[in-house]
2 protein chains.
Amino acid sequence: MSPYDPSAFPPFAVTVDLVVLTVRSHALCALAVRRGEPPFQGRWALPGGFVRDDEDLSSAAARELVEETGLRAHDPDAPAQANGAHLEQLATYGDPKRDPRMRVVSVAHLALAPDLPAPRAGGDARSARWAPVEALLHQGGYGREDEQAAPLAFDHAQILADGVERARSKIEYSSLATAFCPPEFTVGELRRVYEAVWGVVLDPRNFHRKVTGTPGFLVPTGGTTTRQGGRPAQLFRAGGATLLNPPMLRPEV
Amino acid sequence: MSPYDPSAFPPFAVTVDLVVLTVRSHALCALAVRRGEPPFQGRWALPGGFVRDDEDLSSAAARELVEETGLRAHDPDAPAQANGAHLEQLATYGDPKRDPRMRVVSVAHLALAPDLPAPRAGGDARSARWAPVEALLHQGGYGREDEQAAPLAFDHAQILADGVERARSKIEYSSLATAFCPPEFTVGELRRVYEAVWGVVLDPRNFHRKVTGTPGFLVPTGGTTTRQGGRPAQLFRAGGATLLNPPMLRPEV
DNA sequence: GCTGTTTATCGTCAGGCAGACGACTATGAT
DNA sequence: ATCATAGTCGTCTGCCTGACGATAAACAGC
């Protein structure tokens with residue numbers, strides 16, 4: 001068998017779709033764009049686009065991320081955060097019927113970003129917005145009448161759910177939660193990230209003990225801030241550690 | 001912009017490649033096939049093939065797995081093991097230069113299988129064999145002169161390394177290690193799986209306490225065996241639990 | 001200035017779990 | 001019978017977590 005006989009394989013279109021997550025006003029939100037054309041015209045979808053002919057998958061994802069948000073993706077091996085987002089491959093979706101018109105395989109990527117001012121419209125002027133993931137995933141069940149009542153286009157609800165689940169589990173055993181924070185942040189801000197992503201309430205004292213006691217997780221910058229009100233809090237940057245051992249435990253139920 | 005203008009996207013070939021792992025004689029082994037044609041003719045590679053026009057990615061991976069090993073993949077939602085392997089998507093590799101002849105995107109899958117009698121040659125009579133992952137990954141550094149001295153074809157060394165890393169981390173917090181065992185197995189056999197995959201030695205007493213004390217991990221069948229020598233050991237099947245909480249801890253270093 | 005509110009931070013205590021390791025059991029091999 | 005090999009049950013100690021009390025340092029309003 002010649003697995004590479006150029007006439008022997010069916011042609012596919014390959015796209016990257018992005019699950020871009022952030023934490024806004026105590027809720028986990030995802031970036032959604034409104035489709036301007038069929039199929040699913042007028043419906044919300046995840047941002048994405050075709051992989052170019054000379055482009056790696058991660059490059060295509062980084063390019064789409066810049067186009068949609070202006071965020072530059074970190075090099076995973078680069079120091080801590082500059083002002084970029086964490087970007088990693090999530091999974092690949094290739095059901096033959098996922099796009100009604102042609103065979104499209106989508107390599108979904110997950111991006112975690114700090115709270116951004118506002119999504120900028122894509123170069124093609126599609127509208128874009130941040131929406132709480134709960135609203136994007138549980139549509140139709142609440143009798144809501146607004147524009148978001150329709151489920152996401154294609155299989156994007158599944159992709160989003162997988163991305164959210166990845167984020168939820170990954171902040172347990174890695175320092176990825178800091179990707180949701182600005183370059184300098186307080187322990188309380190980091191705790192609110194965990195609370196928003198997991199949808200739980202954490203004990204501030206035990207959380208503080210845990211994160212400050214894990215070597216390499218946080219490094220104090222020396223500064224303090226009162227932007228959250230109350231007693232001034234120390235500012236930290238993300239330390240070099242990427243894996244938390246032992247992990248942060250997610251409360252049950 | 002029309003992301004689906006049929007003339008606006010470059011065509012890709014899409015393949016699935018398989019990282020099939022098993023534990024044989026106390027070593028973690030992977031299935032490798034010898035390439036019969038250029039490029040990389042004569043070199044070892046991971047089994048794989050094209051995704052068909054009407055086929056889902058997971059179906060293609062399951063089909064390749066049957067063709068290469070005769071193993072039927074579990075339905076992830078099916079009961080415990082029948083005589084199949086665990087199969088899950090691993091990651092997707094799409095470097096523009098990963099195949100010298102054309103643009104190929106490969107959706108790699110990870111399969112975990114019990115020790116099999118012997119790999120059966122593919123329908124196209126390629127030769128296939130189990131090889132310790134260390135030998136497949138660390139070629140050239142040991143001055144070995146045998147047929148395996150050449151590194152794997154394409155980017156398959158990277159794919160294999162990623163698959164091994166996935167398996168190593170996933171048996172920490174899931175019951176996946178039982179996928180390496182026959183339908184009925186002893187605690188000692190399961191422990192040898194962990195030892196082979198992690199490349200460590202575990203304390204038999206603490207391991208026994210851990211796995212028998214985790215609800216839903218193992219269910220006794222009532223039988224015993226002495227196939228490992230020594231005192232007869234209880235036989236178990238995999239229980240319904242898929243997530244281990246708290247996880248099995250991998251010894252450091 | 002005083003008081004109440006908010007958030008941050010430090011401490012204490014009990015329970016659970018893991019690592020280290022002793023002890024005993026039940027087989028087969030010599 | 002003795003030994004070697006595995007399996008299984010216990011004990012002890014230290015670490016970590018969850019629950020929660022207490023103190024500190026800011027701001028808002030009176």
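Here is the naming used below: chain letters follow the sequence lines, and residue numbers restart at 1 for every chain.
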**OP:** Flag the pair Glu68(A) / Val20(A) as yes when at least one side-chain heavy-atom distance between them is below 4.5 Å, and no otherwise.
**Re:** no
Original post:
Phe207(A) has an atom CZ; how far is it from atom P of dT9(C), in whole Å?
Top reply: 12 Å
Subject >> Pair Arg250(B) + Glu172(B), salt bridge at N-O below 4.0 Å >> reply: yes
Original post:
When the distance from CG of Asn206(B) to P of dT13(D) is rounded to whole Å, what number comes out?
Top reply: 16 Å
**OP:** Assign each of Gly230(B) and Gln234(B) to its nearest nucleotide of DNA chain D by heavy atoms, then name whichever residue's nucleotide is nearer the 5' end.
**Re:** Gly230(B)
Original post:
Rounding to a whole Å, what distance do you find between Leu202(B):CG and dA6(D):C1'?
Top reply: 15 Å
**OP:** Please work out if Arg192(B) contacts a base, only the sugar-phosphate, or nothing of the nucleic acid, heavy-atom cut-off 4.0 Å.
**Re:** sugar-phosphate
Original post:
Side chains of Thr225(A) and Pro232(A): does their closest heavy-atom pair fall under 4.5 Å?
Top reply: no
Subject >> Spacing of Asp203(B) atom CG relative to dA23(C) atom P, expressed in whole Å >> reply: 15 Å
Subject >> Sugar-phosphate only, base, or nothing, as touched by Arg191(B) at under 4.0 Å among non-hydrogen atoms >> reply: sugar-phosphate
Original post:
Quick one: the side chain of Arg205(A) and the base of dG11(C), do they pair up donor-acceptor inside 3.5 Å?
Top reply: no
Subject >> Protein-nucleotide distance (Tyr194(A), atom OH; dG18(D), atom P), rounded to Å >> reply: 13 Å
Subject >> Atom pair distance, as rounded to whole Å: NZ in Lys210(B) and P in dG10(D) >> reply: 19 Å
Original post:
Which comes earlier along DNA chain D counting from the 5' end, the contact point of Pro232(A) or that of Arg231(B), where each point is its nearest nucleotide?
Top reply: Arg231(B)
**OP:** Give a yes/no on whether any side-chain N or O of His208(A) is located under 4.0 angstrom from OP1 or OP2 of dT9(C).
**Re:** yes
Original post:
When the nearest nucleotide of DNA chain C is assigned to Thr226(B) and to Pro251(B) on a heavy-atom basis, which residue is associated with the more 5' position?
Top reply: Pro251(B)
Subject >> Rounded interatomic separation in angstrom, taking CZ from Arg227(B) and C1' from dA6(D) >> reply: 14 Å
Original post:
Phe207(B) and ring pair (Phe, Tyr, Trp, His ring centres under 6.0 Å): which partner among Phe217(B), Tyr194(B), Trp198(B)?
Top reply: Tyr194(B)
Original post:
Do Leu152(B) and Gln158(B) have side-chain heavy atoms sitting under 4.5 Å apart?
Top reply: no
**OP:** Nearest whole angstrom, please: distance from the C1' of dC15(D) to the CD of Glu252(B).
**Re:** 12 Å
